[in-house]
Enquirer: 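Pasting a structure here, questions to come.
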2 protein chains.
Amino acid sequence: MCILNTGGFAVEEKSISKAVIKRLPRYYRYLGELIEEGIERISSNELSAKMRVTASQIRQDLNNFGGFGQQGYGYNVPYLYEEIGKILGLDKTHHMIIIGAGNLGQALANYVKFEKRGFKIVGVFDINPVLKGISIRGNGIRMMSELPEFLQKEDVQIAALTVPKSSAAEIAELLVQNGIKAIWNFAHLDLNVPKDVIVENVHLSESLMRLSYNLTVAEQKEEK
Amino acid sequence: MCILNTGGFAVEEKSISKAVIKRLPRYYRYLGELIEEGIERISSNELSAKMRVTASQIRQDLNNFGGFGQQGYGYNVPYLYEEIGKILGLDKTHHMIIIGAGNLGQALANYVKFEKRGFKIVGVFDINPVLKGISIRGNGIRMMSELPEFLQKEDVQIAALTVPKSSAAEIAELLVQNGIKAIWNFAHLDLNVPKDVIVENVHLSESLMRLSYNLTVAEQKEEK
DNA sequence: TAGATTGTTAATCGATTAACAATC
DNA sequence: TAGATTGTTAATCGATTAACAATC
């Protein structure tokens with residue numbers, strides 16, 4: 001159960017592979033939908049059919065974190081949902097700020113569901129004085145110059161970075177200096193931060209290029 | 001060179017693994033940056049240091065598509081950039097529409113660089129009559145009721161889907177019926193479309209949950 | 001108890017890394 | 001030619017799938 005005994009000496013947590021982590025939110029989403037449908041229990045086989053992954057993978061993935069099921073019964077849906085939520089840290093509240101109040105920043109700031117999942121937006125920042133004080137769901141847009149003082153006062157863990165590439169590196173450094181622990185990076189570059197700072201990238205242009213690749217391959221097949 | 005001879009009989013294209021495709025846009029981005037710096041040639045070893053992947057992986061990845069390098073020299077940066085661009089289909093123009101003119105849809109519609117990469121936004125649609133006719137970079141917002149006729153007349157390959165989960169499935173079906181070949185899906189569900197239709201998902205909430213997981217693990221480590 | 005289904009070990013598959021002959 | 005670096009084969013590593021004993 002998550003514990004490795006290496007050579008009978010050091011005891012440490014087995015780290016979970018990235019592939020597994022990537023799948024967890026999808027399990028969580030499907031379980032949420034099952035709850036909405038009022039379904040109480042599900043077997044790995046039934047879930048397998050719904051999600052189009054193997055039942056074996058589901059059981060392996062879940063067992064990284066403990067035995068959530070029961071032989072002969074399957075998995076209790078609300079229980080498993082809650083447990084995965086805990087694993088993902090959705091049972092705790094995290095405070096988030098948004099740097100860059102352009103369309104994308106505003107889209108994030110307006111997205112109501114984040115708060116339901118424990119991500120509370122406590123500030124929105126921009127350099128454009130025109131935006132100063134404009135309110136997005138109760139958060140007046142603040143100027144970047146106020147950022148360091150704000151971070152000293154408030155307890156903020158996450159910063160969403162929705163600024164142009166040109167200023168992203170500099171701002172990331174500022175964020176780290178002021179104690180930000182995780183950056184949700186929408187800028188088109190790889191951030192260079194200390195290894196204890198978490199970076200989660202959302203590179204929209206790379207996503208579009210992957211779509212483009214698959215579309216192009218399909219088009220070429222068509223031509224034959 | 002991309003051709004497999006299976007048993008001396010059927011000759012077919014070797015399909016490229018998803019892992020490789022996922023890395024291609026990142027190579028493309030780094031090569032673009034090297035061009036901006038005026039760098040003419042680079043070895044897999046130098047690129048390896050910059051990108052923090054192994055040189056071996058770079059060579060393997062590129063060789064899926066052909067021999068772009070030269071022994072004793074390395075890779076010519078502008079040439080490789082162009083070739084990867086071709087592989088990704090960025091040398092052709094694709095027409096894209098955006099369904100859903102909320103903040104996220106508007107953010108995409110306003111993003112200038114897509115057009116530079118060959119993705120031309122030719123229409124923006126919404127159901128909200130208040131938005132009708134409002135112009136986003138030359139595209140007046142159209143009503144969803146106009147969509148089928150629009151798609152019959154215009155040549156559109158890609159649809160970006162930035163609508164609420166509740167209407168996404170239905171709209172996706174409408175898009176497919178009217179000949180859309182690829183959907184860039186921002187809605188929080190898995191679309192059910194024919195297998196010749198390409199779907200590229202951007203699930204922001206899942207991305208945030210992965211960040212949350214990593215942050216939570218880090219916080220727990222800290223507590224010790 | 002018999003049937004169902006998990007948890008978990010073993011087997012397979014695929015992706016990454018290492019090594020080196022080919023060649024510029 | 002000698003040195004550098006690719007293209008490519010072989011070795012390793014990790015992730016997925018299959019199988020089945022444990023157990024509810």
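Naming: A, B, ... by sequence-line order, numbering from 1 per chain.
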Enquirer: Think T54(A) has a side-chain N or O under 4.0 angstrom from the OP1 or OP2 of dT17(D)?
Expert: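 Answer yes for this pair, as a side-chain N or O of T54(A) is under 4.0 Å from OP1 or OP2.
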Enquirer: Any strand is fair game: report the nucleotide pairing with dA21(D) by Watson-Crick or G-U wobble, both distances under 3.5 Å, or none.
Expert: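 WC or wobble partner is dT6(C).
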Enquirer: Look at Q71(B) and dA22(C) and indicate whether a side-chain polar atom (N or O) is within less than 4.0 Å of OP1 or OP2.
Expert: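 Result: no.
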Enquirer: Any donor-acceptor pair under 3.5 Å between the side chain of S17(B) and the base of dA15(C)?
Expert: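 There is none.
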Enquirer: Could you tell me whether S43(B) contacts a base, only the sugar-phosphate backbone, or nothing, with contacts defined as non-hydrogen atoms closer than 4.0 Å?
Expert: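 Result for S43(B) = sugar-phosphate.
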Enquirer: Just by distance, no angles: are the side chains of Y30(A) and D190(B) close enough, under 3.5 Å, to form a donor-acceptor pair?
Expert: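 Distance-only check passes for Y30(A) and D190(B).
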Enquirer: Look at the side-chain N and O atoms of Y75(B) and state whether any lies under 4.0 Å from the OP1 or OP2 oxygen of dG7(D).
Expert: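 So the side-chain polar atoms of Y75(B) do come within 4.0 Å of the phosphate oxygens OP1 or OP2 of dG7(D), strictly under.
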Enquirer: Flag the pair E222(B) and K181(A) as a salt bridge only when some basic side-chain nitrogen lies within less than 4.0 angstrom of an acidic carboxylate oxygen.
Expert: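 Between K181(A) and E222(B) there is no salt bridge, as every charged N stays at least 4.0 Å from the carboxylate O atoms.
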Enquirer: Please report the distance, rounded to the nearest Å, between CG in L62(A) and P in dT8(C).
Expert: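 Between P of dT8(C) and CG of L62(A): 12 Å.
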Enquirer: So among T162(A), L147(A), L174(A), V124(A), which one has a side-chain contact (heavy atoms from CB on, under 4.5 Å) with I99(A)?
Expert: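 Testing each of T162(A), L147(A), L174(A), V124(A) against I99(A), the sole residue satisfying side-chain contact (heavy atoms from CB on, under 4.5 Å) is L147(A).
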Enquirer: Hydrogens and angles aside, do N201(A) and N185(A) bring a side-chain donor and acceptor to less than 3.5 Å of each other?
Expert: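 Side chains of N201(A) and N185(A): pair found under 3.5 Å.
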Enquirer: Less than 4.0 angstrom between a side-chain N/O of R59(A) and OP1 or OP2 of dT16(D), yes or no?
Expert: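 No.
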Enquirer: Return whichever of Q70(A) or Q60(A) has its heavy-atom-nearest nucleotide of DNA chain D closer to the 5' end.
Expert: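 By nearest-heavy-atom nucleotide position, the 5'-most residue is Q60(A).
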Enquirer: Rounding to a whole Å, what distance do you find between N45(B):CG and dA19(C):C1'?
Expert: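 Rounded to whole Å, this separation is 14 Å.
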Enquirer: Under 4.0 Å between a side-chain N or O of S44(A) and OP1 or OP2 of dT6(C)?
Expert: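 So the side chain of S44(A) is within the cut-off, an N or O lying under 4.0 Å from OP1 or OP2 of dT6(C).
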Enquirer: Quick one: look up who dG14(C) pairs with, Watson-Crick or G-U, both distances under 3.5 Å, and put none if it's unpaired.
Expert: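 Its partner is dC13(D).
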Enquirer: Under 4.0 Å from OP1 or OP2 of dT16(C): is there any side-chain N or O of R23(B) that close?
Expert: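 Checking R23(B) against dT16(C): at least one side-chain N or O falls below 4.0 Å of OP1 or OP2.
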